[in-house]
Amino acid sequence: MKPFYITTAIDYVNGSPHLGHAYEKVLTDVIARFRRQMGDRVHFLTGVDEHGQKVQKSAKARGITPQAYADEVSAEFRALLPKLNISNNDFIRTTEERHKKVVRQVLQQLHDQGEIYQAEYQGFYSGRQEQFLQDKDRNPDGSWPEIYGEVTEITETNYFFKLRGYQQWLVDFLTQNENFIFPRFRQKQVLEFLKEPLNDLCISRPRERLEWGIPLPFDAGYVTYVWFDALLNYYSAVADQPGLWPAAWHVIGKDILVPPHAVYWPIMLHAAKLPLPHGLLVHGWWLQGGAKMSKSTGNALNPLDLIAEFGADAFRYFVIREMNVGQDSDFTREQFLVRYNSELANNLGNLVNRTLNMTTRFGAGAIPVAGAPAEAEQELQALWTRTRDEVLPLCEGFQFHSAIERTMGFITATNAYIERRAPWKLGKSSEPADQELLRTSLATMAESLRLGVALLQAVMPAAADRINSVLGYRPGPSWMNELTWDGRLAGCKVAEALVLFPRPQPAAKAPAKP
RNA sequence: GCCAGAGUAGCUCAGUGGUAGAGCAGAGGACUCAUAAGCCUUUGGUCGCCGGUUCAAUCCCGGCCUCUGGCACCA
């Protein structure tokens with residue numbers, strides 16, 4: 001089996017999970033599930049980034065140890081995964097020994113190779129904020145904002161990683177591998193960024209200022225800079241699992257593309273003589289009312305509330321259906337309800353329910369054997385073939401929103417097919433030809449539903465299982481083998497009814513426009 | 001300022017050198033298996049602005065306007 005290793009960014013444990021975190025997990029999970037269905041040997045990693053100044057500071061403010069603080073927030077992130085039905089194979093914390101060991105090894109190796117040197121850094125330091133400041137932090141008149149307290153210029157000795165020497169190599173690599181970053185315009189952005197000369201990367205923090213980190217193996221007076229530590233998680237988690245690295249895709253948000261994932265990470269790997277991952281998949285942000293969501297403005301939407309109200313599948317469906325991977329998207333409850341009602345409740349959910357009802361009522365609760373397909377059946381089957389052949393490449397190219405759109409078009413066509421056959425009329429006739437057509441139509445709608453649902457399996461795994469279950473059907477081990485139109489449902493005993501996506505409110509019609 | 005993305009029906013978006021499409025919302029209709037769901041029909045647009053190339057541009061070129069994001073080492 002072809003290995004397929006996929007990661008999310010690891011979340012920084014300095015704040016609670018929000019919609020953006022949830023989206024990234026779901027997107028990565030959909031890709032992971034899809035690749036498993038396609039027969040790949042998938043390894044899906046997610047985790048948390050636990051070191052650094054902010055964690056140390058937050059812990060201190062709470063009067064607990066950094067580890068205790070990290071334990072607490074990490075548990076919160078970890079608890080989100082089962083709620084979203086995330087199928088990760090592993091969960092890494094950067095405070096785990098397996099990770100720290102690899103970080104030390106890589107640092108030592110780079111040091112031995114002469115890629116790391118010591119030098120003085122000079123800059124303006126805010127004692128109150130415990131951080132160095134940049135010119136951009138200044139007020140327009142050149143003074144420092146009040147929040148920084150007293151700012152002094154200090155000189156500090158630190159260790160630096162020779163990034164600059166690899167700049168041309170990176171430009172060449174990206175030029176030759178134009179699909180390294182998806183979507184492609186992000187890759188152009190990185191090349192644009194690389195037109196400016198790189199500076200070497202400071203990878204150490206003196207221990208007097210920061211204790212919460214991995215000590216440098218060659219100088220115990222320093223801990224490792226948090227990005228250098230964090231990025232290595234992708235490799236440290238699988239370093240002892242042959243065959244996985246470098247079959248990796250990193251799913252990240254656009255905010256951490258440049259410079260960490262597009263510059264530091266490739267250069268770190270290359271300098272350490274490790275192969276580069278297959279690629280970076282860069283997603284956009286969820287906005288609310290056109291504004292970036294943030295806790296400070298109080299518009300951060302808690303995904304857990306929506307999951308509690310509508311279920312994980314509906315949440316997963318919405319974020320994957322609504323967002324074109326790579327672009328930004330707006331998230332509103334209204335928009336969520338529109339998709340939920342029209343696509344999940346009315347189109348798909350109702351198709352499930354009416355199929356069960358009609359099979360129970362006109363087919364004695366078992367899916368009949370279909371007769372020879374007439375024009376209506378042939379058209380629907382032809383549409384299925386087209387839909388399947390379009391959806392698979394779309395999913396392989398991360399175009400899940402389009403894949404769902406096509407699949408929903410097929411569900412709509414199935415509803416239209418039912419109207420065309422009108423089994424409720426056929427059920428009133430005792431003519432043998434009508435009875436034959438009735439059996440065919442019941443079998444056809446069930447088969448069509450089974451197939452449509454198979455295409456939604458990765459996005460809504462629980463709903464897909466549920467629908468197969470009420471159809472009295474258990475899919476085989478090979479997903480690809482499920483995608484053929486045939487008579488495998490004949491004889492399956494169906495449930496009487498199922499309201500899979502209940503409407504949240506009694507059909508409140510929006511006021512008409514003038 | 002530089003770079004990138006985007007400006008198309010009320011909303012969200014697709015699209016092609018030959019006088020524009022989908023879904024949702026709105027309107028009308030026939031039906032009743034179903035979560036007043038589904039199905040059929042239908043009303044909406046001088047495709048951001050100004051020039052140019054062309055027999056012909058929403059799609060190509062130039063300029064402009066507006067929106068969004070990035071422009072680092074955040075120690």
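Order of the sequence lines sets the chain letters (A, B, ...), proteins ahead of strands, with each chain counted from 1.
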With sugar-phosphate meaning primed atoms plus P, OP1 and OP2, does A/Phe185 contact a base, only sugar-phosphate, or nothing at under 4.0 Å between heavy atoms?
-> sugar-phosphate

Picking from B/A37, B/C31, B/G5, which would you name as closest to the side chain of A/Gln327?
-> B/G5

Taking the side chain of A/Asn324 as heavy atoms from C-beta outward, which of B/C39, B/A14, B/A72 is closest to it?
-> B/A14

For A/Gln187 and B/G5, give me the distance from atom CD to atom P, rounded to whole Å.
-> 13 Å

Classify the nucleic acid contact of A/Gln189 as base, sugar-phosphate or nothing, counting any heavy atom under 4.0 Å across all strands shown.
-> base

Dot-bracket assigned to RNA chain B with the 3.5 Å Watson-Crick/G-U criterion, [ ] for crossing and | for other-strand pairs, is (((((((..((((.......)))).((((.........)))).....(((((.......))))))))))))....

Could you tell me whether A/Leu163 contacts a base, only the sugar-phosphate backbone, or nothing, with contacts defined as non-hydrogen atoms closer than 4.0 Å?
-> nothing

For B/G44, decide between syn and anti, treating a glycosidic angle within 90° of 0 as syn.
-> syn

Options B/C33, B/G5, B/U12, nucleotide nearest the side-chain atoms of A/Met358 = B/C33

Contact class for A/Pro183 vs. all strands (heavy atom < 4.0 Å): base, sugar-phosphate, or nothing?
-> nothing

Using a heavy-atom cut-off of under 4.0 Å over every strand shown, decide if A/Leu500 touches base, sugar-phosphate, or nothing.
-> base

Reckon A/Arg361 touches a base, only the sugar-phosphate, or nothing at all at heavy-atom distances under 4.0 Å?
-> sugar-phosphate

